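Quick one: structure below, then a few questions.
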Amino acid sequence: MTDYYPMNGTAPDSPASLFENRIGLAEADQDEAHDAERVDVFEGTVLAVVDDIDTATPFSVSDQYNSADSAESGESDDLPSTLSWAAPDRVSGQRAPIIPPWLRSAEARKAAARQALSAVGYHTAFHAVRTPVYTVKTLGYSVVGCGRMTGRVTRWVRAEEGNYELRQKAAETNDAYTWQALNKIRERESRGRMWGLALATAATLIVVAILAVTGILAPVLWAGLAALVVVTARAGRPADKPILGRVATGRRFTKLTGDLVRNSLVSLAVRGITAPEQIEFCHPGIHRDGPGWLARVNLPEGVTSVKVLERRDGLASALRIPVDQVWPSAGPDHPGQLDLWVGYQPASEMGQPTWSLAAENAHTSFFEPAEFSSDERGRPIETTLFQRSFLIGGQPGSGKSYAGRALIAIAMLDPTCELKIAEFKGTGDFLDLEPLCSTYVVGVDDEALDQGVAIGRWLVSEAEKRGKRILAARKRGEAPQGKVTPELAAKPGSGLHPVCVVIDEAHELFLYSPDAASDFERAIKRLRALGICVILATQIPDKASLPPGITRCVTNRWCLSVAGQVENDMILGTGAYKRGLTGTVYRPVYDAGWGCMTGGASPVAARSQFPADDVWDSMVARATSLRGGVAVGAPIETAPARDLLADLTEVAAPNGQHWDTAAEALTENWPDAYTHLTAAALSDMARTAGLVSVNVKVAGAVRKGYRRADLNKLRADRDAEAQTETPKEG
């Protein structure tokens, strides 16, 4: 018997203590062993109500192996017990829904109705236009069928086929006695069948006479004649030439079945899946789910769902349907569980649900959920920008720009939200949004990248300012949770209005300036509660172009099509691939916009909205109108370039200076040029300029820094080189 611990209690220290403390055990009569019910009680708490399993009931392969092992060892079989119907939620903690989920969702009901009406309408129209051809074929085949059926009835009445082979053998051996005996048997059977046929004919004539007297002979006669034509046509048509035309030329797929799922998984040749019986279906089995079918299965022990996800193409081949009609994903309970969703039709033919933000009067709020994508079943996916940051990653052609646009749409339709966009692809993918932006950067040259670096410095500085404003507001009781509220953001002069910062092709910026990567990492860690959302998009996820610190801090990660496990885990986090969260199943270009997103209630396959050009243009025009044609916020002023060596000379002591002291002095004297400069960053900058880092004794302390003599020599050499080059240019 299996013991179950109380849901809301503590487990006993050991099985022995459980047995000793069990104070109640009720069993039915031994004669009714198959219906026995047992109540396990531990210290006054009902553990479970269990029914004994009938030993004749089939059980899993693993149970068979366990029984065999126990038989060999001499131990008694301990068949598992199952919870009774009285407590169906004791195992999983959830009750099965009374109404199926697809019936409770308006979108799912509409999708099912559309599918049914579409199928009925198409089949009706298809066959209606071919009715003349069907009529000619039916009449032609009925003539042939009438002759065939007449011959069959004649042979049956004569009883020629009953012992024909025996009579033929007797004739071949000149056995006249046997042949006559067999022929008498045939004649006897034939006379009975003739009488039967005569009686049937007489009964038919009597029925016809009665119908003629009652006056309903004509309609019945026509109905009977039509039925006779159909039957004779079926008997007369060739086996390879059906009367009705085929609606589809491919393999007919009407619904997902258990055998189809099992055989398809076995055909993948995944190690560990060798027989259909190894695949176990979970409650409620294969069922409708939105515009398709969902099968949740448990794979054999030791097989993870990611092994099947890697073979999406093979799964589609086994089901004989297009790849974008098959959507496998990891199940919710354990790594060996697989959710297989198959649509009524391919995603490329299903289209995408109408975007709610495309409505003529649609507007959003930075603090409220808004739709930006849909899942494979056509259900809208929503998110908020407040308290969130986003990382979008994928190889070229995966749809990163439009995924970013879908999120930007939430920000631009909030008239209080400031937009800052930097696009380092250089092609102007977001050029139509420039009028809405307080800062817009495009290009891959040093000037554009320097502006990107300035955005990172601005984020760090803005985080400092907003932190002080939130602190003051909290002291006044206006920010009880220490976060920006919609009321604070809308308050004039608060300096806490929402901001959305978008960096496209972020790897270009982070490779150009490691300081920028450090600034963004520091800012993302603090901006969650300060009303600023950062959206990063990259196609090269590695340690240099996408620092792990940023990946760890981002709340929402959206992995579009990637080539392999390493890139996948760089975006979604270490171990994501092994948990079945992967973007490797998506194909660039063909599955553009599709990706795996984490950060919500649960990981989900998300397809970014991809509106038509005219729809998007109308959304941009509406956003411009909501803002009164004026961009929210002020542009970031890029500080003029300074001479680092000259500034280091300015803050140096007679013999040099320590890096930490110099960094503080530079930040204090020129804050616009040296925002939040650290000793390590200053050392790197100086080393790039040719100034070596050495141990320097200043004010009695020896720490890493630079010597004034080295600095003066470096400046003199630079000036001399500049003077030498000037005459040559002249």
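For this chain, numbers begin at 1 and follow the sequence in order. Since this is a predicted model, take the numbers as computed values, not measurements.
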Side chains of Asn568 and Thr584 only: does a donor on one sit below 3.5 Å from an acceptor on the other? no
What do you reckon, are the aromatic ring centroids of Tyr440 and Phe430 less than 6.0 Å apart? no
Tell me, do Val297 and Gln337 make a side-chain contact under 4.5 Å, heavy atoms counted? no
Cation over ring face, Arg312 and Trp327, 6.0 Å, 45°: yes
Compute whether any side-chain donor of one residue and acceptor of the other, for Thr538 and His507, lie under 3.5 angstrom apart. yes
Under a 3.5 Å threshold, yes or no: a donor from one side chain and an acceptor from the other, between Gln345 and Gln325? no
Return yes if a side-chain donor-acceptor contact under 3.5 Å exists between Lys704 and Ser683, otherwise no. no
Testing the 3.5 Å rule here: is there a donor-acceptor pair between the side chains of Asp429 and Tyr402? no
Please tell me whether Asp432 and Trp616 have a donor and an acceptor in their side chains that are separated by less than 3.5 angstrom. yes
With a 3.5 Å cut-off and no angle check, do the side chains of Thr364 and Glu368 form a donor-acceptor pair? no
Ignoring hydrogens and angles, state whether a donor on the side chain of Asp515 or Ser513 is under 3.5 Å from an acceptor on the partner side chain. no
Which pairs would a plain distance check flag for residues 558-566, meaning a side-chain donor or acceptor within less than 3.5 Å of a matching protein atom at least two apart in sequence or in another chain?
unit_1: Ser561; atom_1: OG; unit_2: Gln395; atom_2: NE2; d: 2.8
unit_1: Ser561; atom_1: OG; unit_2: Tyr586; atom_2: O; d: 2.9

Let me confirm one number: the OG1-CD1 distance from Thr439 to Ile636, rounded to the nearest 0.5 Å. 4.5 Å
